[in-house]
Amino acid sequence: MSTPTDTGADTPAAQTPAADPRLLVRSTGLNGYLDEARRRLTSGELGSTPVVLGLILIAVIFQSATGHFLQADNLTNITKYIAGPGLIAVGVVFVLLLGEIDLSLGSVAGVCAAIASVLAVREGLDEWQAVLIALATACAIGALHGFFFARIGVPAFVVTLAGMLAWSGLQDYVLGDLGTVNNRHDGLIATLDTHFLGDGDIVYAWALAVLAPALYLATQLRTAQRRRALGLTARPTTDIALRTGALAVLALPLAYALNQDRGLPLPLVVLLGVVLATDFVLRRTAYGRQVFAVGGGVEAARRAGINVAWVRISVYMTSATLAGLGGLFIASQQGSADKQLGGGNVLMSAIAAAVIGGTSLFGGRGKTWSALLGILVIQSITTGLDMVHAAQAIQYMITGAVLLAAVVLDSVSRRTRATNSRT
């Protein structure tokens with residue numbers, strides 16, 4: 001008679017599924033949070049903490065230096081100025097998630113603004129139609145880049161570098177000898193930067209400040225309920241409440257500050273809407289999971305049945321379209337479309353914003369919210385340095401130093417996670 005093999009099916013370890021330690025520690029109170037903070041620090045999972053601390057430090061420094069950095073009108077201007085480069089930065093996040101780069105986004109922003117302005121002002125086309133044609137052109141440009149990269153096999157760096165030169169030339173050609181097209185007074189493009197919801201009615205800013213934490217709370221509670229129903233570990237209710245409270249602490253004072261000036265600016269609403277929509281796509285849809293999978297490993301994604309070529313093409317289409325939309329906001333802010341729009345440090349600021357916010361240059365890790373945080377850092381630094389009358393050369397050097405620090409932090413965090421995974 002053979003002796004039956006002990007499979008361990010009746011042992012407690014085999015009967016109880018392993019729980020996520022990141023969620024379990026939170027159920028032990030303050031000590032659990034401290035233990036988790038130490039674990040995240042030693043494992044390189046820093047998240048957005050360095051960015052938030054950096055924003056606080058920037059605010060303290062410039063408020064001390066100027067005495068009016070945190071005044072309502074200055075905060076309103078910052079929330080308006082981040083829209084254009086912030087939208088471009090959201091597109092950069094998509095590309096970086098693949099572990100690639102797009103050097104043409106500044107030129108795409110410029111040519112999109114040029115096409116829309118020329119069609120609306122010089123050709124007399126309805127401004128909505130002009131904007132849609134310009135955005136469709138940007139989308140087509142992204143598809144062209146993606147095709148050469150994904151189907152032909154040309155490196156993305158080369159494709160987008162060629163695009164940067166070509167679309168800059170097209171921008172000059174479209175604008176013609178004059179080189180500048182002023183926006184229609186009170187037209188669609190002009191009002192992108194000047195419009196405030198409800199003409200300054202304070203209820204809109206307060207509604208957004210209340211609605212955002214409420215939606216976050218409802219979403220998190222629903223997610224926790226679904227995980228528990230499936231027998232999975234879920235975020236504790238106290239943890240969700242603390243996170244919701246932290247969001248409210250940020251949103252409500254901002255609403256108060258905006259209402260001390262002119263209310264809720266349209267550029268901020270558009271940027272937040274785009275960030276929220278793209279975050280949902282990346283984290284809650286099959287397509288978003290495919291983007292992360294391709295960025296994590298092309299061959300593994302291909303073997304899993306993912307259409308890698310289509311994912312790559314669609315990502316470049318998305319980034320170019322968002323760059324075109326960002327170009328329209330930049331044209332609105334400066335009052336015209338000209339040959340310099342999209343040039344200078346626009347592209348570098350967008351890439352820096354994505355990286356500073358926490359998106360990895362190595363692909364497979366990042367959030368569109370990182371673009372919002374990163375562009376807030378860059379615009380706060382730029383605005384503060386302008387207020388203390390620092391030279392533009394100093395601004396470039398400081399922004400470059402912040403970008404380098406973010407890349408170094410990303411590299412160190414990546415190496416630390418890799419080391420921990422082997423031990």
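Both backbone and side-chain heavy atoms feed into the values below; hydrogens, waters and symmetry mates do not.
- Not a single side-chain hydrogen bond (donor to acceptor under 3.5 Å, both in side chains) links Ser380 to another residue, sequence neighbours left out.
- Using a 3.5 Å distance cut-off with no hydrogens or angles, the side chains of Ser370 and Thr359 do pair a donor with an acceptor.
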Only distances under 3.5 Å count here; give the side-chain donor-acceptor pairs of residues 269-276 to other protein atoms, sequence neighbours excluded, each with its distance to 0.1 Å.
none

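- Using a distance-only test at 3.5 Å, with no hydrogens or angles considered, no donor-acceptor pair links the side chain of Asp338 to the main chain of Gly179.
- In this view, Thr278 and Thr368 satisfy the side-chain hydrogen bond (donor to acceptor under 3.5 Å, both in side chains) rule, not counting sequence neighbours.
- The environment of Arg228 atom CZ is dense: over 12 non-hydrogen atoms of other residues, nucleotides or ligands sit within 6.0 angstrom.
- When side chains are defined from C-beta on, Leu55 counts as touching Val377, because their heavy atoms get closer than 4.5 Å.
- Between Gln290 and Asn307 there is no side-chain heavy-atom pair separated by less than 4.5 Å.
- Within a 6.0 Å radius of OH in Tyr81, other residues, nucleotides and ligands contribute 12 heavy atoms or fewer.
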In residues 317-330, what donor-acceptor pairs under 3.5 Å come from side-chain atoms, sequence neighbours left out?
unit_1 : atom_1 : unit_2 : atom_2 : d
Thr318 : OG1    : Ser314 : O      : 2.9
Ser319 : OG     : Val315 : O      : 3.4
Ser319 : OG     : Tyr316 : O      : 3.0
Thr321 : OG1    : Met317 : O      : 2.8

Would you give me the side-chain donor-acceptor pairs under 3.5 Å for residues 188-195, sequence neighbours excluded?
unit_1 : atom_1 : unit_2 : atom_2 : d
Thr191 : OG1    : Gly187 : O      : 3.0
Thr191 : OG1    : Leu188 : O      : 2.9
Thr194 : OG1    : Ala190 : O      : 3.3

Please tabulate, one pair per line, all N/O donor-acceptor pairs under 3.5 Å involving side-chain atoms of residues 134-157, not counting sequence neighbours.
unit_1 : atom_1 : unit_2 : atom_2 : d
Thr137 : OG1    : Ile133 : O      : 2.8
His145 : ND1    : Ser104 : OG     : 3.4
His145 : NE2    : Trp167 : NE1    : 2.9

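- The shortest side-chain heavy-atom distance between Asn183 and Val121 does not fall under the 4.5 Å cut-off.
- Using a distance-only test at 3.5 Å, with no hydrogens or angles considered, no donor-acceptor pair links the side chain of Asp279 to the main chain of Trp369.
- Within the 4.5 Å cutoff, the side chain of Ile88 has no heavy atoms near those of the Val108 side chain.
- The two atoms that bring Gln333 and Gly84 nearest to each other are NE2-N, 3.9 Å, heavy atoms only.
- Contact of the Glu127 side chain with the Arg184 side chain is registered, since non-hydrogen atoms from C-beta on lie closer than 4.5 Å.
- Panel note: side chain Gln379, backbone Gly86; no donor-acceptor pair is recorded below 3.5 Å.
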